[in-house]
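First the structure, in the form of structure tokens, and then the observations on it.
Both counts, for ligands and for their atoms, begin at 1 and track the order of listing. It should be emphasised that the depicted structure is a prediction, and the values quoted were computed from it without experimental measurement.
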Amino acid sequence: MNLSELKRQYSVVIVGSGIAGLYAALNFPEDVDILMLSKKERHQSNSSLAQGGVACVLDLENDSYELHIEDTLIAGGRANDFDAVTQLVEEGPGDVLRTIDYGVEYDRDENGELVKTLEGGHCRRRILHHKDTSGKEMVDKLVLAVEKLPNVTIADETMVTSMSRIKNGFKMEIMSGSEFKTVYADFCLLASGGIGRVYKYTTNPSVATGDGIRLAYEMGASIKNLSYVQFHPTAFNGANREQFLISEAVRGEGAYLLNCNKERFMDRYDERLELAPRDVVSRSIIMESRRLGSNNFYLDIRYKGEEFIKNRFPGIYAGCLKQGVDISKDLIPVFPCQHYLMGGIEVDLNARTTLPRLYAAGECSCTGVHGRNRLASNSLLEALVFGRKAAEDITKCIRAGFFKASVPEDEKEPDRNGAPLPKGTRTEIRDILQRAYFVIPDEGAIHQGKKRIENILNRLKNGKFAVTADYCEALSLATVAYIILKEVDR
Ligand SMILES: Cc1cc2nc3c(=O)[nH]c(=O)nc-3n(C[C@H](O)[C@H](O)[C@H](O)COP(=O)(O)OP(=O)(O)OC[C@H]3O[C@@H](n4cnc5c(N)ncnc54)[C@H](O)[C@@H]3O)c2cc1C
């Protein structure tokens, strides 16, 4: 993006082009001018990788809002915010149906009826999906819809490096390649996604470094439950940092989970077997690995047959084949890894943070919807519902008459030069968190880890480093790791 093409001031800046940011943009009236920032290319996000689908109650004869609410509360250990869950479940179906109006195609049967699948923790089939590439389908279609909006400018490869509050708005430093610019926003919606890259192994792509959480924290917004991290039980057990996800839906369709002796073992830990919620399955795998002294676990879906597998899970089939595993003939090696963040920037039912004019939606926010553990396929739904809520609330403020951000006439460029980020900084942060705070936390490593991360964070903040993506992301990772470990250090 050539930053000189951007204006100096926008009514709304949306940080992020995942489902939360895209759907929010679609919910503003066309007289509100919006800048949408995307750290990489606009399709690159956690949203694009979603496989399973989006949960919502559409069939009120065989399902009910009460049942979806109850499933969400059970998965969340009843630490959820009940009003937020109710809003999610009751308003979500309307938003999902609107995505169909924007062109999103969910799988249908031969009569044209929407096909709903089952995932762990759901007592009814209520997940709409597009084969096993649901997120890509949603992002592709919503991006096309947003691109048609005359009031939205999307800036790809453009990262917010820092942000501060000014009278009636925000001052934001943005960077694209080696170019910098200061933009001003009357309102800001942080839709910057997750924190996966603070772990050694995660299903999240490289953009997931918790930047939005760091920016909100630095400005003094309340951050809540950052230690509520979800570990997915069945990521492909390969050598890469970004682990390929073997969706819950594979177990939903009947795959067995096997230990190193190729035996099913979930009955030792939970009567819901393979369909127990994610945290339970992840913990069971770790306990079983300690019992048997082996990290080798497998999913077995072979008995479903090649035709079913290729048609229902084409993305997973192709992804595993790339790693040399034909899932219609071979066992799939799996192990837990970081997947999702339930906590984040604290928001209310309208996606308002604790700071005026600052909103947050999607994975970077903490709406209270998920409690301690997210129910599968509730997060795309949350991104839709709370993305819309943010847009509606900001629009209401704009319509009620408001003061625009006070922008200075001209400003001195900040000095962005300095030393490069010391090699190994990000690796060290990741190693500490992976060791101290994985599926079963290591109490001994938490305290030491927190002290070390605090040192790294102070060095990054107080040293004179060049403003680069590497440096800003390291700052975000250290901030996120520090808040997590501080929360759990007793
Ligand atoms: C492999 C995988 C499978 C999943 N499957 C499902 C599923 O089946 N169902 C479900 O409900 N959920 C699923 N999830 C979770 C779900 O995809 C995410 O929680 C959700 O999509 C998050 O959307 P978001 O809009 O909040 O963030 P994201 O989609 O992650 O988007 C974040 C955006 O913020 C931008 N950004 C970040 N920092 C900056 C910065 N400093 N400056 C500018 N831009 C920035 C990024 O570039 C990106 O555009 C899955 C997640 C993964 C990783």
Side-chain angles (χ1 to χ4, degrees), residues 1 13-24 35-56 92 96 117 119 127-130 132-136 138-139 142-143 154-163 172-176 189-197 202-215 230 232 235-236 242-249 252 315-316 319 337-342 344-345 360-365 367 370 374-384 386-387 469 472-473 475-476:
M1 178 83 201
V13 173
I14 299 177
V15 183
S17 61
I19 291 295
L22 290 167
Y23 194 64
L35 172 63
M36 175 180 282
L37 302 170
S38 185
K39 192 153 66 162
K40 294 267 166 76
E41 197 275 332
R42 63 192 67 175
H43 296 85
Q44 231 176 299
S45 58
N46 275 8
S47 295
S48 290
L49 294 183
Q51 297 175 344
V54 54
C56 69
V96 174
T117 193
E119 291 191 325
I127 323 290
L128 299 192
H129 56 95
H130 178 95
D132 61 353
T133 49
S134 307
K136 180 178 181 314
M138 291 173 80
V139 169
L142 296 194
V143 163
I154 309 181
D156 293 298
E157 311 282 347
T158 304
M159 175 183 190
V160 184
T161 59
S162 66
M163 195 173 159
M172 305 173 80
E173 299 297 329
I174 63 174
M175 172 178 77
S176 187
L189 169 60
L190 295 171
S192 49
I195 58 151
R197 291 300 173 130
T202 174
T203 58
N204 293 188
S206 64
V207 292
T209 51
D211 297 354
I213 295 169
R214 190 250 303 170
L215 296 168
Q230 183 170 77
H232 199 289
F236 191 94
E242 188 175 327
Q243 302 269 342
F244 180 65
L245 181 76
I246 312 298
S247 155
E248 203 107 34
I316 294 174
C337 76
Q338 193 285 344
H339 182 55
Y340 183 76
L341 175 68
M342 276 73 68
I345 307 159
E363 196 166 334
C364 69
S365 70
T367 60
H370 307 297
R374 171 178 70 112
L375 181 66
S377 289
N378 263 358
S379 45
L380 289 172
L381 190 67
E382 183 197 39
L384 290 172
F386 286 82
C472 294
E473 289 188 346
L475 200 55
S476 300

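With rounding to the nearest 0.5 angstrom, the NZ atom of Lys136 is 11.0 Å from the CG atom of Leu49. Once rounded to the nearest 0.5 Å, the distance linking CG of Leu22 with NE2 of His43 reads 8.5 Å. The NZ atom of Lys39 sits 7.5 Å away from atom OG of Ser206, with the distance rounded to the nearest 0.5 Å.
Distances shorter than 4.0 angstrom occur between a heavy atom of Val15 and an atom of ligand 1. The shortest heavy-atom distance from Thr161 to ligand 1 is not under 4.0 Å. Put simply, part of Gly53 is less than 4.0 Å from ligand 1, judged by heavy atoms. By the 4.0 Å heavy-atom criterion, Ser134 is excluded from the residues contacting ligand 1. Using a 4.0 angstrom heavy-atom cutoff, His339 counts as in contact with ligand 1. Taking 4.0 Å as the cut-off, Ser38 counts as a neighbour of ligand 1 on heavy-atom distance.
Of the polar atoms of Asn46, at least one N or O is found under 3.5 Å from an N or O of ligand 1, judged by distance alone. For Tyr340, no nitrogen or oxygen atom sits less than 3.5 Å from a nitrogen or oxygen atom of ligand 1, counting backbone and side chain alike. Taking any N or O of Leu380, backbone or side chain, at least one lies under 3.5 Å from an N or O belonging to ligand 1. Not one N or O of Cys364 is nearer than 3.5 Å to an N or O of ligand 1, by distance alone. The shortest N or O to N or O distance between Arg42 and ligand 1 is not below 3.5 Å. An N or O contact shorter than 3.5 Å links Val160 to ligand 1 by distance. In terms of N/O distances under 3.5 Å, ligand 1 is approached by Ala20. Close N/O approach between Gly362 and ligand 1 is not found [any backbone or side-chain N/O within under 3.5 Å]. Note: no N/O pair closer than 3.5 Å links Pro205 and ligand 1 by distance alone. In terms of N/O distances under 3.5 Å, ligand 1 is approached by Ser47.
Nearest protein heavy-atom contact of atom 35 (C) of ligand 1 is Gly16 CA, 3.6 Å. The protein heavy atom nearest to atom 37 (C) of ligand 1 is Ser192 O, 3.3 Å. Taking atom 38 (N) of ligand 1 as the reference point, the nearest protein heavy-atom neighbour is Asp211 OD2, 3.5 Å. With respect to atom 4 (C) of ligand 1, the closest heavy atom belonging to the protein is Ala50 CA, 3.3 Å. Of the protein's heavy atoms, Ser379 OG, 2.7 Å lies nearest to atom 12 (N) of ligand 1. Given atom 44 (N) of ligand 1, the protein heavy atom at minimum distance is Lys39 N, 3.2 Å. The protein atom (non-hydrogen) at minimum distance from atom 43 (C) of ligand 1 is Thr158 O, 3.4 Å. Of the protein's non-hydrogen atoms, Glu363 OE1, 2.7 Å is the one closest to atom 19 (O) of ligand 1.
Counted by atom type alone, His370 and Glu382 present one or more donor-acceptor pairs between their side chains at under 3.5 Å. Residues His339 and Thr203 bring a donor and an acceptor atom of their side chains to less than 3.5 Å of each other. Residues Arg42 and Ser17 bring no donor and acceptor atom of their side chains to less than 3.5 Å of each other.
Remark: the backbone N or O of Gln338 is paired with a side-chain donor or acceptor of Thr202 at under 3.5 angstrom. One N or O on the side chain of Glu363 and one on the backbone of Leu341 form a donor-acceptor pair closer than 3.5 Å.
Taking all heavy atoms of Ser45, Gly193, Ala24 into account, the minimum distance to atom 27 (O) of ligand 1 is reached by Gly193.
Minimum interatomic distance between Leu245 and Gln51 (heavy atoms only, all atoms of both residues): O-NE2, 2.8 Å.
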